[in-house]
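Let me begin by presenting the structure, written as structure tokens, before commenting on it.
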Amino acid sequence: MKKIIFVVLMVPLFFGCSKNRLNVDVSDIEADVKITRLEKLMFEKDPGIFQSNMELVLDKHRPFFDIYTQYVLKIGTADSSGFEEYLGYFLTDTVITQVADSVLAFYNDFDPYYKRLVDGFRHYKYYFPYKPIPGIYTCVSGFNESVFTTGAAVGIALDKYLGADCVFYKYLGIPRYKSRRMYPERM
């Protein structure tokens, strides 16, 4: 009986005094994080400009762009029949352009989020030193996804992180308990 009491008292003491394994110094770890602001490429200028420069986008961002358009937007890949027409519909849809304008205004200065991503990837490099850092793409998903991954990239749909009081969430009927968690720090 005394042994059981001793063990019960010692277990919390043992675990309570241990060092937090997640609290590590990562200040000297290099994390080369590359962010592509896809929503800026697509919506900051006239949508026709983006479509006329599709070859440049595909040359530079093809694997991610195909996954984004096929699985997130659900309009197929650049090689699909009718792709340009469907992409044009997406780029000129009045609601999507309003959402994109809100995203561009809300995330005009992305530097604070970039710094947090760099810090996160420093921790990643601490625990997985030989793993490559994926490319980061920000985008507008039409509220289809929040974060999605490919083999070498991470997509962050900024339209899902516009803050709990975003008017679009109310229009979509997203319950308050969900929208309360749709703020920038959650990405």
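Hydrogens, waters and symmetry mates play no part in the numbers below; they use all other heavy atoms, side chains included. None of the values given here were measured: they were computed from a predicted structure.
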Q | Verdict with reasoning, Tyr114 to Ile136, per side-chain contact (heavy atoms from CB on, under 4.5 Å) | A | CA-CA 10 Å; Tyr114 174 77; Ile136 306 295; over 6 Å; no
**Q.** Criterion side-chain contact (heavy atoms from CB on, under 4.5 Å) on Tyr107 and Arg37, from CA distance to verdict
**A.** CA-CA 10 Å; Tyr107 290 102; Arg37 300 284 309 269; 3.7 Å; yes
Q | Derivation and outcome, side-chain contact (heavy atoms from CB on, under 4.5 Å), residues Glu185 and Arg116 | A | CA-CA 9 Å; Glu185 290 76 18; Arg116 290 186 63 174; 3.1 Å; yes
Q: Could you please spell out the steps behind the side-chain contact (heavy atoms from CB on, under 4.5 Å) verdict for Arg186 and Tyr161?
A: CA-CA 7 Å; Arg186 292 283 299 181; Tyr161 300 100; 4.0 Å; yes
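A 6.0 Å sphere centred on OH of Tyr71 holds no more than 12 heavy atoms belonging to other residues, nucleotides or ligands. Around CD of Gln98, the count of heavy atoms belonging to other residues, nucleotides or ligands within 6.0 Å exceeds 12. Heavy-atom contacts from other residues, nucleotides or ligands closer than 6.0 Å to CD of Glu30 number 12 or fewer. Around the CZ atom of Arg180, the shell of radius 6.0 Å holds no more than 12 heavy atoms that belong to other residues, nucleotides or ligands. In the displayed structure, Tyr86 atom OH is contacted under 6.0 Å by at most 12 heavy atoms of other residues, nucleotides or ligands. Applying the 6.0 Å contact sphere to NZ of Lys60 captures no more than 12 heavy atoms from other residues, nucleotides or ligands.
Criterion: ILVMFWY side-chain heavy atoms under 4.5 Å apart, direct or through other members. Under it, Tyr171 and Val103 are part of a common hydrophobic cluster. Both Ile133 and Tyr126 belong to a single network of hydrophobic side chains, linked directly or stepwise wherever heavy atoms of I, L, V, M, F, W or Y lie under 4.5 Å apart. Linking Ile, Leu, Val, Met, Phe, Trp and Tyr residues whenever their side-chain heavy atoms come within less than 4.5 Å places Met182 and Leu172 in a single cluster. Residues Tyr89 and Ile75 are members of one and the same hydrophobic cluster, defined by side-chain heavy-atom contacts under 4.5 angstrom among Ile, Leu, Val, Met, Phe, Trp and Tyr. Follow the hydrophobic side-chain contacts under 4.5 Å out from Leu158 and you never reach Tyr183; the two are in separate clusters.
In this structure, Phe83 and Met54 approach most closely via the heavy-atom pair CE2-CE, 3.7 Å. Shown here for Gly142 and Ile96, the closest heavy-atom pair between the two residues is CA-CD1, 3.8 Å. Between Lys125 and Lys131 the shortest heavy-atom distance is NZ-O, 2.8 Å. Across all their heavy atoms, Val95 and Asp93 have their closest contact at N-OD1, 3.0 Å. The shortest non-hydrogen separation linking Val118 to Ala31 is O-CB, 4.0 Å. Minimum interatomic distance between Leu73 and Ser141 (heavy atoms only, all atoms of both residues): CD2-O, 3.9 Å.
For the atom pair Lys160 NZ and Arg181 CZ, the distance stands at 12.0 Å (nearest 0.5 Å). To the nearest 0.5 Å, the span separating CZ on Phe110 from CD1 on Ile35 amounts to 5.0 Å. Atom CG in Leu87 sits 11.5 Å away from atom OG in Ser80 (nearest 0.5 Å). A distance of 9.5 Å separates CG of Leu41 from CG of Asn53, quoted to the nearest 0.5 Å. Here the straight-line distance linking atom CD of Glu145 with atom CG of Asp159 works out to 10.5 Å at 0.5 Å rounding. In this structure, Thr92 OG1 and Gln51 CD are separated by 8.0 Å, a value rounded to the nearest 0.5 Å.
There is a side-chain donor-acceptor pair under 3.5 Å between Asp25 and Ser27. With hydrogens and angles left out, the side-chain atoms of Thr77 and Gln70 include no donor and acceptor closer than 3.5 Å.
Side chains of Met42 and Val140 form no contact here, defined as non-hydrogen atoms less than 4.5 Å apart. Proximity of Phe65 to Thr36: side-chain heavy atoms (C-beta onward) are nowhere separated by under 4.5 Å. Residues Phe168 and Phe143 are in side-chain contact: their nearest non-hydrogen atoms beyond the backbone lie under 4.5 Å apart. Residues Phe43 and Asp101 fail the side-chain proximity criterion, which asks for heavy atoms closer than 4.5 Å.
In this structure, Thr149 contributes its side chain and Val154 its backbone to no donor-acceptor pair below 3.5 Å.
Ring geometry for Phe64 against Tyr137 counts as parallel: the plane angle stays under 30°, on a 0 to 90° scale with 60° as the upper cut.
A salt bridge links Asp111 and Lys115; the closest N-O separation between the charged side-chain nitrogens and carboxylate oxygens is under 4.0 Å.
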